Amino acid sequence: MSQQSEAETVEPFDAVDVIRAKRDRGELTGEQVDWVVDAYTRGVVAEEQMSALAMAVLLNGMSRAETARWTAAMIASGERLDLSAGLSRPTADKHSTGGVGDKITLPLAPLVAACGVAVPQLSGRGLGHTGGTLDKMEAIPGWRASLSTAEVRRQLEDVGAVVCAAGADLAPADKRLYALRDVTGTVESVPLIASSIMSKKIAEGTDALVLDVKVGSGAFMKDRASARELAQTMVALGTDAGVRTVALLTDMATPLGLTAGNALEVAESVEVLAGGGPADVVELTLALAREMLSAAGVHGVDPAAALADGRAMDAWRAMVAAQGGDPSASLPTARESDVVLSPADGVLARLDALAVGVAAWRLGAGRARREDPVQAGAGVELHAKPGEEVRAGQPLMTLHTDTPGRFARAREALEGAVDVVSAGSVVDVPDLVLERVGD
C-alpha cells in the first residue's frame, strides 16, 4: 500500500457526517459550515451530497447563527466589493423577492439618486413568469448590462445610480447552490433563500439595504407568515453583517401597475418618472424611496418632489445614457395583440397575479431556462384593476407577442383569473404595504 502523498489535501470534515448532523436536527458548527460551502464550491462535496444537506436544511431549518455563518461562507467564496468606498454620498440598495409587474427598480434607482443617495443596483435576469430587471432594461436600444467595477464606481459618483449585472465573482457558491436547489425541491427553505439573497447584497458593500418582500399568489411567499419569517431572517443577516437593513411586506395578489412584460414595464416606469403612472406603482416607489433615504441617513428630503420637478427623470436619462442606452429611443413593440374582454357587467373583484404572470411568460416575456431569449415587446397590458367597474365586452387585458401561436396558451393561463361581482358591490382591496420589519 503506497503512502499518502504529501501534496494530497486532507479534508477536515466528511460530507456524510455534516449531512447526518443536520438530518438529526443538530446545529452545524461554524467550521462545518465554512468547510461544506467551500468544499462544495471546490467540487469536493458532490452534487448529491449537497442535495441531501439542502433537503435536511429545508426540513429541519437553521439557527440564526448557522444562517449567518452560511451567508458569510457564501460571501467568502468570491469577491467582496465595497461600492460605497470613496463616494461623496451614502449608498443604499433595494432588493425585491419578485412579483408580477414589479418594475419598481427602474423608477426607484434614479429617484433615490436624485435625492442624494447613490444606488448600486446589481440585478439579475428573470426565470419564469416575466423577465428580470436586466431583461426590462435591455429593451432600451443600446443599453448594456455588463460593467466593470471601475465603471460602476464612476457611474455611482457621476450619475448616482447604476443598474447592471452582478459579476461572476460575487458569491459564486450561491450560483451553484441555487441551480441545485431549483432541481431538487429545496428552493422553499427560508434560511437558504435568505442567505442566497443576502450573500450577494452584503458582498456589494452597500451602506444600507431595503427589502421588498412580496406576499400573495404572484409572489414566491404565498402567505404573510412565511413572508414575515423571510423578512425577519434577512433583516437579521443584514444587521449582523453591519448593513442597515429594513424590509417591507407588500401585496402581490394582484399585478403591480398595469403592465407585465419588458418594454411594457419600461414605458410604465418612464410614465412614473414623468410624474404620472399607476397609483400603486407610484405609492410603492415612494414608500421604498423614503425607506432607502432614511436607512442611508438622509432626512428632510421629499422624493415626491423629485418626481414632480423632473429631477428623477433627469437622473434616469443620465443613468440610461451612461450605459450606452438611448433614453429618447422608441421601445420595441410586439407585432401581434389579442384582447381579453370582461365576461359581465359589475365590479372587478379579483385579478390573479400568478395567472397574469404565467400568461406573460407564455407570450414570450419570460424564460423557462436561463439560456432562453425573451421578447422585448411581449407581455400583458391591463385595462382595469380590482375595485373598478367594468362592462361586459369591455377590454380587460391586451396580450402582446411576436408569435400569435402563443395566444391560446396565454388565454388558458387566464382561465379563472378574474372575478366580476354585481355593480355597486364593495370590493376589499388590500393595502399595498402590509407590514414593516426592522428598526
Side-chain angles (χ1 to χ4, degrees), residues 93-113 119-147 161-166 212 214 218-219 252 255-274 277-278 280-282 284-285 288 312-313 315-317 319-334 353 356-368 370 372-382 399-402:
D93 193 6
K94 162 260 185 187
H95 178 81
S96 169
T97 56
V100 180
D102 184 13
K103 72 277 296 174
I104 297 298
T105 291
L106 279 63
L108 180 64
L111 172 60
V112 173
V119 184
Q121 187 74 49
L122 305 189
S123 301
R125 303 184 190 283
L127 187 63
H129 296 347
T130 53
T133 298
L134 299 184
D135 296 309
K136 301 181 205 309
M137 293 295 294
E138 285 179 336
I140 301 169
W143 187 87
R144 64 188 178 98
S146 297
L147 301 178
V162 60
V163 177
C164 66
D212 180 5
K214 303 292 187 187
M252 187 38 69
L256 190 59
L258 296 171
T259 58
N262 296 308
L264 291 170
E265 293 190 43
V266 175
E268 188 168 271
S269 299
V270 172
E271 288 178 13
V272 172
L273 289 161
D280 56 349
V281 179
V282 175
L284 186 52
T285 300
L288 290 168
M313 178 65 85
W316 162 262
R317 296 179 67 85
M319 183 182 79
V320 170
Q323 291 173 243
D326 181 355
S328 300
S330 298
L331 293 167
T333 57
V356 172
V358 172
W361 171 59
R362 290 181 177 179
L363 291 165
R367 51 172 64 82
R370 293 193 181 277
D372 290 347
V374 296
Q375 293 183 21
V380 180
E381 183 181 4
L382 306 176
L399 314 182
H400 299 273
T401 184
D402 291 334

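What you see is a predicted model; the values in this text were computed from it and never measured. When a residue number appears, it is its place in the shown sequence, counting from 1.
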What residues form a salt bridge (Lys or Arg N to Asp or Glu O under 4.0 Å) with K94, not counting sequence neighbours?
none
Would you indicate whether the side-chain heavy atoms of H400 and T333 approach each other to under 4.5 Å?
no
Partners of T401 by side chain to side chain donor-acceptor pair (under 3.5 Å), sequence neighbours excluded?
Q375
Report the C-alpha separation of L122 and D93 in whole Å, then their side-chain angles, then the decisive distance to 0.1 Å, and conclude whether the side chain to side chain contact (heavy atoms under 4.5 Å, CB included) test is met.
CA-CA 9 Å; L122 305 189; D93 193 6; 5.7 Å; no
So V100 and L256, side chain to side chain contact (heavy atoms under 4.5 Å, CB included) or not? Walk me through it.
CA-CA 6 Å; V100 180; L256 190 59; over 6 Å; no
Could you give the distance from CG (D212) to CG (L284), rounded to the nearest 0.5 Å?
5.0 Å
Answer yes or no: is there a side-chain heavy-atom contact under 4.5 Å between V162 and V119?
no
Grab the two heavy atoms, one from A378 and one from G364, that are nearest each other, plus how far apart they are.
CB-C, 3.8 Å
Of the non-hydrogen atoms in K214 and G99, which two are nearest, and what is the gap between them?
CG-N, 4.5 Å
Is the shortest side-chain heavy-atom distance between V380 and T259 below 4.5 Å?
no
Determine, stepwise, if the pair L106 / T133 fulfils side chain to side chain contact (heavy atoms under 4.5 Å, CB included).
CA-CA 8 Å; L106 279 63; T133 298; 4.1 Å; yes
Between the side chain of Q323 and the main-chain N/O of R144, is any donor-acceptor distance below 3.5 Å?
yes
Whether D280 side chain and G257 backbone form a donor-acceptor pair below 3.5 Å
yes
Got a donor-acceptor contact below 3.5 angstrom from the E268 side chain to the L258 backbone?
yes
For M137 and V266, what are the C-alpha separation, side-chain angles and deciding distance, and is it a side chain to side chain contact (heavy atoms under 4.5 Å, CB included)?
CA-CA 7 Å; M137 293 295 294; V266 175; 5.5 Å; no
Hey, are the side chains of L273 and P110 touching, using non-hydrogen atoms and a 4.5 Å cut-off?
yes
Do L382 and P255 come within less than 4.5 Å of each other through their side chains, counting heavy atoms only?
yes
Test side chain to side chain donor-acceptor pair (under 3.5 Å) applied to E271 - qualifying residues, sequence neighbours left out
none
Check V320 against W143 and note the closest heavy-atom contact, atom names and distance.
O-CD1, 3.9 Å
Has the side chain of S269 got a donor or acceptor atom that lies under 3.5 Å from a matching backbone atom of P107?
no
With a 4.5 Å limit on heavy-atom distance, are the side chains of K103 and L264 in contact?
no
Check whether N262 reaches the backbone of A365 with its side chain - one donor and one acceptor, N or O, closer than 3.5 Å.
yes
Any idea which heavy atoms bring V272 and P278 closest together, and the distance?
CG2-CD, 4.5 Å
R317 and S328 have their tightest heavy-atom pair at NH2-OG, 2.7 Å
If you compare all heavy atoms of V163 against all heavy atoms of A109, which two are closest, and at what distance to 0.1 Å?
CG2-CB, 4.3 Å
Whether the side chain of K136 engages the backbone of L134 through a donor-acceptor N/O pair (distance < 3.5 Å, no angle test) should be reported.
no
